[in-house]
Every structure is written in C-alpha cells, then in structure tokens.
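Reviewing the structure listed below.
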Number of protein chains: 4
Amino acid sequence: MKAIVSHGAKDLRVESQAAPTAGDGEVLIKLDTGGICGSDLHYYNHGRIGAFELKEPMILGHEIAGHVAECGPGVEELKVGDLGAVSPSRPCYTCAFCQSGQQNHCLNMRFYGSAMLFPHVQGAFRELLVADRRQCVRADGLSGAEAACAEPLAVVLHAAKRAGDLMGKRVLVTGCGPIGMLSILVARAAGAAEIVATDVTPFTLSKATEIGADTIHNVAEDADALAPYSDNKGRFDVLFECSGVAAAVASAIPALKPGSILMQLGIGGDMTLPMQAITAKEIELRGSFRFHEEFQTAVEMMQSGRLNVSPLITHRFDLEDAVAAFNMAADRTQSIKAQIAFN
Amino acid sequence: MKAIVSHGAKDLRVESQAAPTAGDGEVLIKLDTGGICGSDLHYYNHGRIGAFELKEPMILGHEIAGHVAECGPGVEELKVGDLGAVSPSRPCYTCAFCQSGQQNHCLNMRFYGSAMLFPHVQGAFRELLVADRRQCVRADGLSGAEAACAEPLAVVLHAAKRAGDLMGKRVLVTGCGPIGMLSILVARAAGAAEIVATDVTPFTLSKATEIGADTIHNVAEDADALAPYSDNKGRFDVLFECSGVAAAVASAIPALKPGSILMQLGIGGDMTLPMQAITAKEIELRGSFRFHEEFQTAVEMMQSGRLNVSPLITHRFDLEDAVAAFNMAADRTQSIKAQIAFN
Amino acid sequence: MKAIVSHGAKDLRVESQAAPTAGDGEVLIKLDTGGICGSDLHYYNHGRIGAFELKEPMILGHEIAGHVAECGPGVEELKVGDLGAVSPSRPCYTCAFCQSGQQNHCLNMRFYGSAMLFPHVQGAFRELLVADRRQCVRADGLSGAEAACAEPLAVVLHAAKRAGDLMGKRVLVTGCGPIGMLSILVARAAGAAEIVATDVTPFTLSKATEIGADTIHNVAEDADALAPYSDNKGRFDVLFECSGVAAAVASAIPALKPGSILMQLGIGGDMTLPMQAITAKEIELRGSFRFHEEFQTAVEMMQSGRLNVSPLITHRFDLEDAVAAFNMAADRTQSIKAQIAFN
Amino acid sequence: MKAIVSHGAKDLRVESQAAPTAGDGEVLIKLDTGGICGSDLHYYNHGRIGAFELKEPMILGHEIAGHVAECGPGVEELKVGDLGAVSPSRPCYTCAFCQSGQQNHCLNMRFYGSAMLFPHVQGAFRELLVADRRQCVRADGLSGAEAACAEPLAVVLHAAKRAGDLMGKRVLVTGCGPIGMLSILVARAAGAAEIVATDVTPFTLSKATEIGADTIHNVAEDADALAPYSDNKGRFDVLFECSGVAAAVASAIPALKPGSILMQLGIGGDMTLPMQAITAKEIELRGSFRFHEEFQTAVEMMQSGRLNVSPLITHRFDLEDAVAAFNMAADRTQSIKAQIAFN
C-alpha cells in the first residue's frame with residue numbers, strides 16, 4: 001500500500017507501507033480521492049503549521065473518500081463496494097465536550113494528519129485506510145471527487161450555522177480559496193440577498209462569479225475596493241473572513257453594519273485588529289473550528305444537488321504525481337481545489 | 001452658570017456661561033452630580049481621544065444627575081424638584097438604526113461631550129442643563145451621586161445583555177476600573193457562579209473583592225496568574241474585557257472555554273490578538289457600545305437595591321476643585337469613581 | 001374611482017368613491033393589482049374575523065401594487081410611472097414598540113382593511129390610493145402581480161427569520177394555502193435539506209410539489225400520514241404551521257424532534273394542544289405576526305429571481321368581477337392566490 | 001433495607017428489600033433524604049401519571065441525597081462518608097441525543113421512578129441505593145435536606161437557561177408549588193427587576209413573598225387579578241408557567257409583552273390555548289423538560305449560598321411515616337416541599 005508522507009519542508013514522498021485490517025466496528029476503505037487542504041500545504045512547504053512542527057514523518061491528508069473494501073464485525077450500515085465520504089474527525093465521544101455536543105473541541109481528538117500531538121496523528125492519503133464506522137457517510141450518487149469535498153464543505157456549513165440565518169442578508173467574503181469559495185456557495189444556498197467577494201487573483205475571482213458571487217473585487221489592484229460599501233455605517237450583515245490576513249479584516253470593518261457578524265475562518269496567527277471600530281460597531285467576531293454533525297449534512301446537500309462543489313475541483317492528479325498536485329494546489333492563479341486520485 | 005470646559009490637554013477651566021431655558025418637551029436641570037469617565041480623562045490629559053481631537057473648547061461630562069428646575073411645555077412625567085438621572089444619549093429617533101431599536105448606533109447621535117463632530121457636541125458638566133424629557137428618568141429614592149452612576153451602569157447592563165444569560169456561569173473580568181467594577185456587580189446580580197477579577201493595583205482589587213469578586217489576581221505582580229485556569233481547555237464562560245490592553249486579552253484566551261464569550265468593553269485602539277486560538281476555541285468576541293433602554297433599567301435596579309453602586313463612588317469634589325477631581329479620577333491606586341458636586 | 005367594499009357577510013360591492021390627493025411625503029398610486037388574502041375572505045364570507053366585526057362598510061384589501069401617478073412634496077425616491085409594491089403596514093414610528101424595532105406590534109398601527117378599530121381602517125382595493133412614501137418600495141423588473149405578493153411573502157420571511165437558520169434542516173409545512181406555499185418557497189431558498197408538506201386537496205399538494213416540496217401527504221385521505229416520521233423522537237427541525245387547525249398541530253408533534261421549532265402562522269382561535277408532549281419534547285412554539293423590514297427584502301428577493309412567486313398566482317380577475325375573484329380565492333380545490341386587476 | 005413502594009392508587013407501603021452492592025464505577029449510597037415530587041404524588045394518588053400506569057409495584061422517588069457507604073472499583077472522586085446529591089437522570093451517554101448534549105432527551109433514559117417503561121424503572125426512596133458515579137455530586141457544606149433539592153432546582157435552572165437572560169426583566173410566575181417557588185428563587189438570583197406570582201392558597205403566596213416575589217395575587221379570589229398588567233400590550237418579559245392549568249395561561253397572555261417568553265413547566269395534559277393572541281403577540285412558548293449539567297450547577301449555587309432553598313422545605317417525616325409525608329406534600333394549604341428522612 002502506498003501513502004503520501006511528509007518528511008519535512010519540501011520533502012514529500014510516495015512510500016509503501018503495510019496494509020491495515022478492519023477491526024470491530026471498523027471498515028477498510030480503498031481510497032478513491034484525497035483533496036489537498038491549506039494545512040497540508042503548510043506541512044508540505046514549511047514542515048510545520050504555526051506552532052506544530054513535524055518531528056517524524058507524517059502521512060498528510062484529511063479530505064477523503066473511498067470505497068468500502070471490507071467490513072469488520074458489527075458494521076451493518078455499510079457494505080463492500082459502497083462509496084463513503086470519510087470524516088477525518090475522530091473525537092473520543094466520552095469527554096465533557098463530546099458529551100455536550102461540541103465534539104470539535106474533544107479533549108482527545110485524533111484528527112487525521114496533525115503534528116499537534118507526538119507521536120503525530122497520521123493522515124489519510126493512503127491507498128488503504130481503516131476507519132471507524134462512525135466516520136463514514138454513504139455517498140451514493142456522488143463521485144469520489146465530490147465526496148472528498150464533504151470535509152471542507154462541513155467546515156463551512158459549521159461556520160454558516162454559527163453565523164445564523166442568512167436569508168435576505170448581505171454577505172461579504174474575503175479570500176476566495178477553497179473555504180471562501182464554499183462560503184459563497186453556502187451563502188447563496190442559504191438565501192443571501194447579495195454576495196460580494198474579494199481576493200487577489202483574477203482566476204479565483206472569476207470562479208467566485210461563476211459559482212454565485214454577485215460582485216467581485218481584486219484588492220491587490222484596489223486596496224480601497226470596499227470603501228464604497230461603508231456609507232451609513234456599512235452594508236454587510238455577515239463577513240466570512242477566509243483570508244487570515246489582518247489587512248483584509250481591517251479594510252472590511254468599515255463595510256460591516258453595526259451588530260454584524262464576522263466569521264473568522266481564515267487562520268493567520270496573531271492579527272492586529274481595529275478594536276475601537278469593532279467595539280463601537282458592536283461587531284461579533286466568531287471563531288469557527290472544524291465541524292461535527294455537519295459532515296453528514298454536507299454529503300446530503302451534495303446528493304440532493306442543492307450544493308454543487310464540482311466547479312471548485314479544478315485539478316486531479318495521479319498518486320505518483322503527488323508533488324505536482326501539491327504545487328498546483330498552492331497556485332492560486334490557476335487552481336481552487338486540487339485532488340489526488342488513489343484508484 | 002458655571003461649566004467645566006476643556007481647552008486642550010491639561011487645560012481644564014471652570015467658566016461662566018449663559019444660563020439656558022427649557023423649550024417644548026424639555027426640562028431645565030439644576031445639576032447635582034457629575035461623574036468623571038475615562039473618556040473625560042482622555043480629553044483632559046491628551047486633548048483628544050483616539051482620532052477625535054479638541055478643535056475648540058468643549059464642556060466635558062456625561063454621567064449626570066440633577067433636580068428639575070423648570071418644565072417646558074408638554075412635559076408631564078416630571079415636575080419641579082424631581083431628582084432625575086439624565087441620559088447623555090441623544091439619538092435622532094428617526095434614522096434606520098433608531099427605527100430598528102439600535103439607538104446606540106444612531107446616524108445622527110449627539111452624545112454629550114464628544115469631539116467626534118465639529119462644532120463639538122458640548123458636554124453636561126454645567127450647573128444648568130436643558131435636556132429633552134426623553135433623556136430624564138425619575139430617580140426617587142436615590143442620591144444624586146447614585147443617580148449619576150446610571151450612565152456607566154447602563155453601559156454594563158447593555159454589555160451583559162449582549163453576553164446573555166450569566167446564571168451559574170464562570171465569569172472573568174480583566175481590568176477593574178469603574179466599568180470592570182460594574183461588570184462584577186452586574187455579573188454577581190445576574191447569578192454568576194464564580195467571578196475572577198484581574199487588575200494592576202491593590203486598591204482596585206481590594207474593592208473588587210468588596211463588591212463581589214470571588215478571586216482576584218494582580219497581573220502586575222504575576223503576569224501568568226490566569227495560567228492555572230487553562231486546564232481542560234479553560235474555565236470561564238464569559239470574559240468582560242475592561243482593560244483595553246491586548247496583553248490582557250492574550251493572557252485570558254487560554255483560560256476561556258471553547259465557545260465562550262469575550263465582551264470587549266475596554267477601548268484601546270488597535271490590538272494584536274491571538275486569532276489562531278480565538279478561531280480554534282470558537283470564541284465569540286462581541287463589541288459592546290453605549291446603551292439605550294438599559295438607562296432606565298439601571299435606575300430601576302438601583303432603586304430596588306438589587307444593584308448597589310455606592311461602594312464604587314470613592315470621591316466627591318466641589319465644582320471649583322474640578323481639576324483635583326480629574327486628577328483623582330485618573331489615580332487608580334486610590335480611586336474608582338470620582339464625582340463632582342454641582343449643588 | 002372605484003373601490004371594493006364589504007357591507008357585511010356575502011355583500012361585496014364595487015362602488016364609486018371620491019379620488020384622493022397626495023400630501024406631503026405621500027404618493028398617489030394608480031393600483032395595478034390586489035391579491036386576496038384569507039382575512040379578506042373572512043370579512044367577505046362572515047362579515048367578521050374572530051372578534052372583529054364589520055360595523056360600517058369597509059374597503060377590503062392589503063396585498064397591493066401599483067404605479068406612481070403623482071408625488072407629493074418631499075418625495076424624492078419615487079417618480080411618476082414607477083411600479084411600487086405598497087406595504088399595508090402603517091405603524092406610528094414613535095411608540096415604544098416602533099422605537100424598539102417591533103413595528104409590527106405598534107400601539108397605533110393602522111393596517112389596511114381592519115375592523116379592529118372603529119371607525120374601521122379602510123383597505124386598499126381601490127383604483128387610486130394615497131400612500132406614505134415609507135410604505136412604497138420600487139419594484140422595477142417585477143410584474144404588478146408579483147409585486148402584489150410582497151406582502152404575504154414578507155409575512156413568511158418574518159416567520160422564517162423567527163425560525164432561524166434553515167440550512168440543512170428538515171422542514172414540515174402543515175397547510176398549503178398561500179402562506180404555506182410561500183413557506184415552502186422560502187424554506188427551499190433558505191437551504192432546507194428536506195421539505196414535507198401536508199394539506200387536504202390534491203390541487204394544493206400538486207402545487208406544493210411544483211414549487212419545491214420533496215414529499216406531500218393528503219391528510220384528508222390519511223390522517224396518520226405523519227406517523228412514519230416519529231421514529232427516534234421525530235424527524236423535523238422546524239414546523240411551519242399554516243393551517244390553524246389544532247388536529248394538524250397534534251398530529252405533527254410526534255414527528256417533531258426534541259428542541260424543534262413550531263412556527264405558528266395559521267390563525268385559528270383557541271386551539272387544544274398536546275401540552276404534555278410539547279413540554280416533554282421542549283418544543284418552541286413561536287407565534288409570528290405580520291412583518292416590517294421584511295417587506296423590502298421580499299421585493300428584492302423577487303427582483304433577483306431568488307424567490308419566484310409566479311406559480312402561486314393562479315387567477316386574475318377584472319375589477320368588476322370582484323365577487324367571482326373572492327369566490328375563487330376561497331376555493332382551495334383550484335386556486336392558490338387569486339388577484340384582481342385594477343388597471 | 002426498607003423502601004417506599006407504590007402498589008397502586010392510595011396503596012403505599014414501606015417494605016423490606018435486599019440490599020444492593022456497588023459495582024464498577026458505582027457507589028453505594030446510604031440515603032439521607034428524599035423529597036416528594038408532584039409526579040410521586042400522581043402515582044400515590046392515582047396509580048398513574050397521564051398515560052403511564054402502574055403495572056407492578058414500583059419504588060417511588062427521585063429527589064435524593066445521601067452519604068457514600070461504599071465505593072466500587074474505579075471511583076476516585078468520592079470517598080466513604082461524603083454527602084452526595086444523587087441525580088435521578090441516567091442517560092445512556094451514547095445515543096444521538098446524548099452525543100448532541102441533549103441528555104434529557106436520551107432515547108434510553110432510565111429516570112428513577114417511572115412507569116413509562118415495563119418493567120418499570122424503580123425509584124430511589126430506599127435506605128440503600130447503588131448509583132453510577134456520574135450521578136453523584138459532592139455536596140459538602142449542605143444539609144441532606146438541601147442536597148435533596150438539587151433535582152427540582154436543576155429542573156428550574158434548565159428552564160431558566162432556556163428562558164435566557166433575566167437581568168432587569170419583569171417575570172410572572174403562575175403556580176407556586178415547589179417548581180414555581182424555585183422559579184421565583186432563580187429569577188431573583190438571575191437579576192429579575194420584578195417578580196409577580198399567582199396561586200390559589202394564602203400559604204403558598206405568603207411563602208412566595210418570603211422568598212422574593214415582589215407582588216402576589218390569589219387568583220382563586222380574583223380571577224382577573226392580572227388584568228391591570230395588560231396595558232400597552234402587557235408588562236411581563238417572561239412567564240414561568242408552573243400550574244399546568246389552561247386558565248392560568250389564558251389569563252396570563254394579555255399581561256405578556258409582544259415577543260415575550262412563556263416557559264411551560266407545569267404539566268397538565270391537553271390544554272386549550274388562546275392561539276390567536278399567542279400568534280398576534282409573537283409569544284414564544286417553550287417547553288422545558290428535566291435537566292442535565294444543571295444538576296451540578298444546582299449543588300454549586302446552593303453551596304455558595306446564592307440560592308437558598310431552605311425556606312421551601314416545610315416538612316420532614318420519618319421513613320415509617322411515609323404515608324403522612326405524601327399526604328402533607330399534597331396539601332398546598334400548608335406545605336411546599338415535604339421530605340422523608342431515611343437516616
């Protein structure tokens with residue numbers, strides 16, 4: 001069995017590993033697709049993400065789908081051959097956070113592909129993967145490529161739930177990477193009256209329009225592009241901040257209505273924020289982190305056709321071309337979501 | 001009639017001005033008490049507050065109470081001799097924000113003692129003041145000193161409403177100036193299970209204990225005082241951030257539970273915040289700004305004895321000693337709220 | 001100028017009245033379309049609605065749109081010839097409820113066509129109507145028939161806002177009259193994962209499917225149609241109750257999840273409810289009444305094409321055929337929304 | 001070991017049973033106090049509660065506290081001799097509701113003393129009781145009588161949490177049995193500005209005043225007692241409905257503000273409600289059912305002295321006088337909470 005292993009910055013290898021076996025309540029998944037996420041890119045490019053540094057080789061990857069190859073004892077809801085979207089979230093189900101419905105804050109979380117713990121929690125970019133049955137959602141009717149988008153879509157559905165009702169609201173999205181793009185898609189599907197998106201590359205902005213943004217602004221070309229939205233204390237009810245760039249937040253604040261909601265999805269370390277304006281406008285800056293029950297909703301919304309992620313999947317590479325895939329995923333001038341085919 | 005006028009940094013004068021007359025729907029107030037607020041101190045010390053600079057002499061003051069000396073035509077709810085708490089908030093009542101119940105965001109607000117507009121909006125530290133009847137709340141049973149606390153108390157009640165239910169919650173208060181102190185008082189009255197307060201002077205912390213804090217920490221002496229509260233992802237459900245100091249926020253974040261609420265009341269310009277932790281913990285940072293209907297609630301809660309602000313009123317100066325009053329108000333080693341007697 | 005006047009039960013007349021003139025801040029509207037609402041039908045059929053009985057002739061109607069024929073002094077946002085959706089809601093803008101953003105609860109409301117006050121508040125089914133400019137929303141790009149749906153659509157948008165986020169939720173709609181139908185439309189546009197609708201006529205249920213219901217049940221044919229949804233304490237997150245029939249509520253309760261929301265839109269006088277189950281399931285029964293800022297949102301959502309009400313407008317009658325229009329509006333076996341053409 | 005067993009209506013017996021032993025993760029509790037609840041009284045008086053009928057003898061009781069007599073393997077947080085408040089709520093911790101933090105809706109709940117399942121879930125009025133360690137909260141500093149009030153207090157804390165922020169709010173309580181009384185206590189501790197209570201006996205109303213109600217009304221003597229509160233569409237922000245009587249709800253509706261919250265705590269089977277008024281006022285009727293994490297909060301709030309339940313414990317009987325205890329508990333003219341001493 002082959003796996004995509006990071007050995008440090010810019011040292012990504014496709015390696016052979018021993019094949020696993022499904023135990024009680026587990027299934028063996030023959031991977032179909034793995035989508036490359038921004039955190040994978042951090043490990044690939046820098047050998048670390050913020051404070052979490054690679055101290056041993058780690059399999060990357062957590063946006064995955066595949067077919068059931070084998071069912072361990074006690075698995076009844078899945079059968080061999082089923083396509084499954086596989087959640088990388090593995091909470092303990094017993095700590096206080098799990099018991100209060102906040103599994104994304106589990107004290108014992110083992111999320112795929114994270115160097116936060118040591119030994120590291122290995123990731124899921126591997127031809128064969130053993131998963132707990134609770135991680136798997138049947139994805140009949142979807143392609144493997146779509147099913148592998150359940151994870152980032154769940155991230156955005158979780159954020160949208162935290163943002164509340166979007167029907168008839170005016171929404172700003174700063175940063176049109178995959179998460180920003182999915183925010184546009186979800187806001188549109190949730191009935192937003194108007195969606196304005198900003199980014200720094202023509203390619204992403206053109207995609208933003210294609211999937212539903214009403215207006216786009218290239219803030220690399222015009223840093224003051226949002227200024228016209230600041231009349232009468234601002235126009236937007238909700239900001240999905242997906243850039244992780246402090247300047248993006250600062251330039252957006254004047255365009256936000258008093259009492260508006262700033263969903264912080266982009267992760268960018270320390271940020272210097274205009275707190276006087278945030279306080280005076282009574283803005284609610286809400287962090288959003290991962291997801292839980294939204295993983296199943298993501299699959300269902302794609303199956304019913306209400307959320308169509310296909311336009312965002314711009315590239316697909318063979319497993320042996322993993323390095324090329326990672327390089328393409330990092331190139332915002334021509335890609336949104338790059339995926340790897342494992343089958 | 002005498003008034004307290006700022007002519008720039010450290011240039012505070014008690015001056016004579018022409019006495020005003022009450023018009024339709026207005027009352028003439030003979031001022032009893034004026035409380036000195038942090039924003040008054042900014043004008044006094046620096047001739048400015050953030051971006052708003054004094055460009056002409058301005059009467060300071062907006063925490064006031066006095067007796068009705070005269071009622072203009074159409075005023076029926078007040079009579080001569082009544083003690084009234086006078087709200088410094090004068091929204092237009094007709095803009096979109098006023099009509100949506102967000103009078104604190106009124107597009108045409110004329111809040112007493114602000115250099116944000118030019119000509120400046122003159123303040124209320126004056127022996128005689130004409131106020132709209134909608135600004136006045138009868139304060140029978142209170143002293144003038146207490147009634148003059150209605151304004152800062154309303155600020156905190158507004159923040160507490162935005163923080164939501166506090167019953168049985170664990171509350172952290174960073175910064176024990178008057179607003180932090182009132183946050184302790186309100187959190188206690190709202191049923192908080194535990195209140196921990198931090199500040200940098202023994203005097204304020206001792207007062208914090210006196211009015212209801214369960215535990216106090218001097219973060220000037222021990223910058224890591226909150227570290228023990230960070231087990232299991234944190235202890236506090238709500239933070240009332242009343243210091244406006246970025247370091248206070250940063251050191252509090254590890255002590256906040258996932259999903260907790262950070263009420264930002266302190267105003268400190270740009271702040272560099274640990275956004276990765278805020279995002280990962282899904283903290284909700286909510287700005288809070290001024291108040292509206294909470295002004296009346298503040299008076300009523302003091303009248304019923306459920307909120308007792310008296311321990312916070314540490315000093316009272318005669319009008320002619322205004323400069324001494326301002327200097328005392330600025331001294332956190334021995335004062336919480338300093339007030340000026342106008343009668 | 002002709003108007004549609006109710007003189008009591010089954011006594012509807014098209015009568016001539018004096019033409020009005022626009023005053024300060026007012027516009028003269030040449031009516032294009034009037035939609036017939038359930039409350040109009042109550043006055044038509046019974047001469048009353050609940051406790052409010054006709055004591056003098058009253059013009060009916062409050063779902064209206066028309067063209068601006070004349071602008072009074074001070075009207076700048078509209079010009080002669082504009083198509084306007086006209087809100088029947090005329091709050092005072094000054095009472096405590098108006099000032100708190102709850103204009104739908106205005107103490108001095110003068111909603112068109114209501115016998116609640118005496119003299120009655122005359123309605124808007126008249127060739128010429130004078131309206132305050134605040135009642136008018138420009139409806140460029142819509143037909144008069146669509147613009148006249150802004151009012152019932154606003155009712156449902158208000159209820160949906162009170163119901164909260166619907167993205168990915170399972171929604172039940174009981175009663176497929178115009179309000180139930182618009183609830184389906186709005187829930188679909190707000191991202192509901194699944195919509196199940198019940199009614200008692202094949203025509204309405206067929207329309208429900210046409211506009212977006214996933215599953216329909218004729219509860220006249222099968223009173224237990226919702227029983228299969230009650231496994232595991234129920235399936236639905238939200239119920240839009242649009243029938244006003246106690247039996248509909250009672251049969252829906254077992255199909256509602258613990259903690260679900262029951263939006264009560266149907267108005268049916270006293271209702272006997274299974275309170276033990278409502279309490280044990282912690283259901284939130286929320287009344288919803290009229291609307292305010294949602295009127296403008298309704299126009300905008302129709303203009304952008306995100307909400308298409310056209311399939312619901314099943315009939316259009318000439319003014320002289322008003323009686324036939326009312327009879328058709330009352331016939332659920334073949335109509336959803338019947339409208340009257342005034343032009 | 002003796003236990004209090006119901007053999008049907010009016011057939012209550014103190015019987016000997018075999019003593020149990022603590023297993024893994026369990027503790028053996030030597031009961032100190034058992035409080036009699038309304039549901040116990042239903043079984044005692046009628047042999048049933050609503051649809052749930054006694055089909056075999058059942059030990060009653062679920063408001064309990066006692067001392068740890070023995071700790072099974074794996075119990076570290078408790079030691080022999082500790083006073084523990086014991087929660088009667090025994091969710092499975094694994095079903096979908098438990099995993100979403102809604103343990104009170106557990107699909108496999110085994111709440112003490114309920115005939116809902118067969119064999120019935122036996123209750124806790126027994127000298128020796130084996131409890132899971134997760135049921136036990138150390139109650140140092142409380143009397144056994146107080147600790148046994150943790151359960152009904154948790155019920156009310158849960159309802160208060162569902163009601164939201166009460167600071168400065170006007171609260172109405174209908175029905176001053178133990179749950180109504182605790183609602184007064186909690187609303188007071190949560191900062192309610194005004195509390196008005198209604199009941200039908202002078203004794204309960206006098207107690208209501210003693211523990212914090214501002215105003216009381218005997219609705220047996222004056223059915224229209226709430227009429228004066230209906231000016232300007234009503235006075236109260238929140239109603240804690242603890243009577244379970246439809247007439248109490250109906251007479252309270254006019255006194256509730258538009259948008260107010262009606263917490264339904266009283267359980268009274270089907271109720272005929274004025275739905276037109278509930279809809280027009282946009283009242284939110286919220287069921288509230290049992291509790292979960294509030295059990296621990298209840299103990300903590302009593303320990304800190306913020307909630308003092310002692311005045312509500314009006315009677316204490318010896319175990320052998322259980323029948324007298326039940327009769328007294330049913331007599332609202334002289335008792336609030338009657339308890340049984342097991343030690």
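Every chain is numbered from 1, with letters handed out A, B, ... down the list of sequences. These numbers come from a predicted model, not from an experiment.
Contact check for Phe97(D) versus Lys233(C): side-chain heavy atoms found under the 4.5 Å cut-off. At a threshold of 4.5 Å between non-hydrogen side-chain atoms, the residues Glu282(C) and Arg162(D) count as touching.
Counting heavy-atom pairs closer than 4.5 Å to chain C, the top residue among Ser288(D), Gly259(D), Ala51(D), Pro274(D) is Ser288(D). Between chain D and the residues Gln102(C), Arg290(C), His158(C), Lys257(C), the largest count of heavy-atom pairs under 4.5 Å involves His158(C). Counting heavy-atom pairs under 4.5 Å between each of Asn232(C), Leu262(C), Leu265(C) and chain D puts Asn232(C) at the top.
Put simply, the side chain of Gln264(C) never gets that close to the backbone of Thr279(D): no donor and acceptor are under 3.5 Å apart.
Atom CG in Leu273(C) sits 8.0 Å away from atom OG1 in Thr272(D) (nearest 0.5 Å). Atom-to-atom distance recorded for Ile261(D):CD1 and Arg286(C):CZ is 9.0 Å, nearest 0.5 angstrom. Note: Glu241(C) CD to Met275(D) CE = 7.5 Å, rounded to the nearest 0.5 Å.
Within a 6.0 Å sphere centred on CD of Gln296(D), heavy atoms belonging to other residues, nucleotides or ligands number 12 at most.
Both the backbone and the side chain of Ile278(D) come within contact range of chain C, each with at least one heavy atom under 4.5 Å from a heavy atom of that chain. Interface residue Lys281(D): only backbone heavy atoms are found under 4.5 Å from chain C.
Taking 4.5 Å as the heavy-atom cut-off, the residues of residues 103-112 of chain D that approach chain C are Asn104(D), His105(D), Cys106(D), Leu107(D), ordered by number.
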